[in-house]
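A quick write-up on the structure given underneath.
Since the structure is predicted, the reported quantities are computational estimates derived from the model, not experimental observations. For the single chain, residues carry numbers from 1 onward in sequence order. Worth knowing before you read on, the calculation uses all heavy atoms, side chains too, and leaves out hydrogens, waters and symmetry mates.
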Amino acid sequence: MHPTAAHDPLPFFRKQTIFLTGGTGLVGGCLLFKLAMKLDTGKIYTLVRGSPERATSQLRDIMPNQIDAILATKKVQLVVGDIREHKFGIDPVVLTEIARTVSVIIHSAASISLRTTQKECVENNCLPVLHLTQMSSTFENLSRFVFISTAYANAHLPDGVIEERIYPGGDAEQQLSRIMEAGSLAEGLAGFTHAYTLVKNITEQLLLSRNPNLPILIMRPTCIAPAISQPYPYYSRPGSCPGCGYVQRYMESPDSGVFHVSSFHTTGTNIVDEIPVDITANLILLHIMHGMTGIVHAGAESYVRRTLAQLHQTIINHFPRRPSSRRPEFRYLSDERVPQGRYAGFLKTFGRDWHFSNAASQKFAALEGPLSIALGNHDAEKFLDERARLISADVVRRRSSKAFARL
């Protein structure tokens, strides 16, 4: 389907002024590239920590051949600030201009560490976006407030279909108060996998309940994978792609390979839900353009569904051999008396089998143009197998460098 006037994103984005947080992150960086280079966006205020020079260096690390062209468009203004400060620490004169002109807020900033405490996670991932909604009350032309959440905000639910709606994990106001006062909930993680997923659930509820008149769009990506093509093939960022991190760590230091799964998936047939970052960014921008509010998933239902066993096969295909190494083996057990491998115990979601509905995005499946999510000739199996090969080559290179340094 070729983009008609109603679906062509260029006229829409040329009229928009965007305020983007998290622009030096994986998703934020991809959004910045697309807004500046593919959509001819009117203006993009990008919140950065430290200094513009520091942010430019960070962007150069992940987009070495693109950052100069992005800045050369003169559409990007790097705004120094910090989401943990009052009014994000933005210069008052700059903030006045932002409030006067911004039409779309995209809050992509987050601490995605799975090792933080509940209170740390609230301070990094909940309070800032709630504060931003208060700040946005003075924005004269705001048409959309976008919060990048996670599909695993519902990790307290049993395996099965997850719809694009709120599934409360408790009374969010009470949970927030308890965490801020005591540091954590009395019931621990309340059935969630990590503090990160618990706090995202709390944040989603509070965003909608506290701001009934704000045009909020909550985007829920699943596990972000490297880009198919934009800003360039295999664009990624260390620590931001769970699948990449798992493949790398296993290749560096294999564990037992044991995963706890349901009795239905003892051959590893449960879905490991991944979606390339450029498909994720396109979905975010499409839903902004089409005026969507509420909750939208971005996951394998809009890409290709792959199983845990298929992910493991890519590790087996490219596992870096050493004389003392054994062939990787993976086991999928419903008997939880057998301990899991250390990676399964940490990731937790890889042994589950949620199916995240993409009902809101199905209308875009065949759309062509700069925000297309159609896969065309893209071969997902080859793409993800090549990811494992590249990771394996990097593991071997770093191992060789360490061995050479010891000589």
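- For the residue pair S103 and Q16, a side-chain donor N or O sits within less than 3.5 Å of a side-chain acceptor on the partner.
- In this view, K75 and D40 satisfy the salt bridge (Lys or Arg N to Asp or Glu O under 4.0 Å) rule, not counting sequence neighbours.
- To the nearest 0.5 Å, atom OG of residue S262 and atom CG of residue L333 are 12.0 Å apart.
- Going from atom CZ of R84 over to atom NE2 of H131 covers 13.5 Å, rounded to the nearest 0.5 Å.
- With a 4.5 Å cut-off on side-chain heavy atoms, L311 and R387 count as touching.
- A donor-acceptor pair under 3.5 Å is formed between the side chain of K200 and the backbone N or O of I148.
- Here ring-ring contact (aromatic ring centres under 6.0 Å, His included) pairs that include residues 357-382, with residues two or more places apart or in two chains, are H287-F364, H290-F364, Y303-H378, H378-F383.
- Looking at every heavy atom in both residues, V396 comes nearest to P320 through CG2-CB, 3.5 Å.
- To the nearest 0.5 angstrom, N125 atom CG is 10.5 Å from E123 atom CD.
- Under a 3.5 Å cut-off, the side chain of Y343 and the backbone N or O of R249 do form a donor-acceptor pair.
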Trace of the side-chain contact (heavy atoms from CB on, under 4.5 Å) decision for H297 with I162: CA-CA 9 Å; H297 287 144; I162 308 297; 4.1 Å; yes

Please determine whether side-chain contact (heavy atoms from CB on, under 4.5 Å) holds for the pair V104 and I18, giving the CA-CA distance in whole Å, both sets of side-chain angles, and the decisive distance to 0.1 Å. CA-CA 5 Å; V104 177; I18 310 290; 3.6 Å; yes

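- No donor-acceptor pair closer than 3.5 Å links the side chain of T41 to the backbone N or O of R14.
- Rounded to the nearest 0.5 Å, atoms CG (L142) and CG (L214) are 6.0 Å apart.
- To the nearest 0.5 Å, the span separating NE2 on H107 from OG on S149 amounts to 10.5 Å.
- At least one donor-acceptor pair under 3.5 Å links the side chain of K363 to the backbone N or O of A360.
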Test V272 against C223 for side-chain contact (heavy atoms from CB on, under 4.5 Å), laying out the working first. CA-CA 8 Å; V272 173; C223 293; 5.6 Å; no

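- Taking both residues in full, the closest heavy atoms of F319 and P254 are given as CZ-CG, 3.5 Å, listed atom of the first, atom of the second, then distance.
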CA sep, side-chain torsions, deciding dist, call: S253, R342, side-chain hydrogen bond (donor to acceptor under 3.5 Å, both in side chains): CA-CA 11 Å; S253 179; R342 62 183 180 276; 2.6 Å; yes

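- Residues T116 and Y196 are not in side-chain contact: their nearest non-hydrogen atoms beyond the backbone lie 4.5 Å or more apart.
- Between the T138 side chain and the M135 main chain, a donor and an acceptor come within less than 3.5 Å of each other.
- Each side chain to side chain donor-acceptor pair (under 3.5 Å) pair with one or both residues in residues 233-246, not counting sequence neighbours, appears once here: Y246-H312.
- Residues I284 and V27 form a side-chain contact, since some pair of their non-hydrogen atoms from C-beta on lies under 4.5 Å apart.
- Remark: side-chain polar atoms of N211 are paired, donor with acceptor, to backbone N or O of L207 under 3.5 angstrom.
- Tested against L78 for a side-chain contact (heavy atoms from CB on, under 4.5 Å), the candidates T24, I44, T46 yield a single pass: T46.
- Closest non-hydrogen pair, G25 versus I62, comes out as O-CD1, 4.0 Å.
- Proximity of a side-chain donor or acceptor of S184 to a complementary backbone N or O of Q118 within less than 3.5 Å is not detected.
- Shortest non-hydrogen contact noted between G351 and N270 is C-ND2, 3.6 Å.
- Looking only at side-chain heavy atoms (C-beta outward), H318 and I391 stay at 4.5 Å or farther from each other.
- Looking only at side-chain heavy atoms (C-beta outward), D68 and R60 come within less than 4.5 Å of each other.
- Within the 3.5 Å criterion, the main-chain N or O of R115 finds no donor-acceptor partner in the side chain of H194.
- Using a 4.5 Å cut-off on side-chain heavy atoms (C-beta onward), L176 and L127 make contact.
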Given side-chain contact (heavy atoms from CB on, under 4.5 Å), test T222 with W354 step by step and report yes or no. CA-CA 10 Å; T222 55; W354 293 294; over 6 Å; no

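- Heavy-atom minimum distance, L371 versus P9: CD1-CB, 3.7 Å.
- The side-chain hydrogen bond (donor to acceptor under 3.5 Å, both in side chains) check on N358 picks up S302, Q362, with sequence neighbours excluded.
- A heavy-atom distance below 4.5 Å is found between the side chains of I218 and L208.
- Other residues, nucleotides and ligands place more than 12 heavy atoms under 6.0 Å from the CD atom of E381.
- In this structure, the side chain of T269 does not engage the main chain of H265 through any donor-acceptor pair within 3.5 Å.
- A 4.5 Å side-chain heavy-atom check between L31 and K34 finds every atom pair outside the cut-off.
- Within a 6.0 Å sphere centred on OH of Y167, other residues, nucleotides and ligands contribute more than 12 heavy atoms.
- Between atom CG of residue L189 and atom NE2 of residue H156 there is a gap of 12.5 Å, rounded to the nearest 0.5 Å.
- No salt bridge links K382 with E386; every basic N to acidic carboxylate O contact stays at or beyond 4.0 Å.
- Contact between H260 and D335 at its shortest, heavy atoms only, is NE2-O, 3.9 Å.
- R389 and D385 are not joined by a salt bridge, as no carboxylate oxygen comes within less than 4.0 angstrom of a charged side-chain nitrogen.
- With respect to the salt-bridge test (charged N to carboxylate O, under 4.0 angstrom), the residues R220 and E164 do not qualify.
- By the salt bridge (Lys or Arg N to Asp or Glu O under 4.0 Å) test, R54 pairs with no residue at all, sequence neighbours left out.
- Distance alone, capped at 3.5 Å, is enough to place a donor-acceptor pair between the Q175 side chain and the G169 backbone.
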If you look only at distance, which donor and acceptor atoms sit under 3.5 Å apart when one is on a side chain in residues 88-101 and the other is two or more places apart or in another chain?
| residue | atom | partner | partner atom | Å |
| --- | --- | --- | --- | --- |
| D91 | OD1 | V93 | N | 2.9 |
| D91 | OD1 | V94 | N | 3.3 |
| T96 | OG1 | P92 | O | 2.9 |
| E97 | OE1 | R100 | NE | 3.3 |
| E97 | OE1 | R100 | NH2 | 3.3 |
| E97 | OE2 | R100 | NH2 | 2.7 |
| T101 | OG1 | E97 | O | 2.8 |

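- In this model, a donor atom of one side chain and an acceptor atom of the other lie less than 3.5 Å apart for N201 and Q205.
- Here F356 and Y152 bring their ring centres to under 6.0 angstrom of each other.
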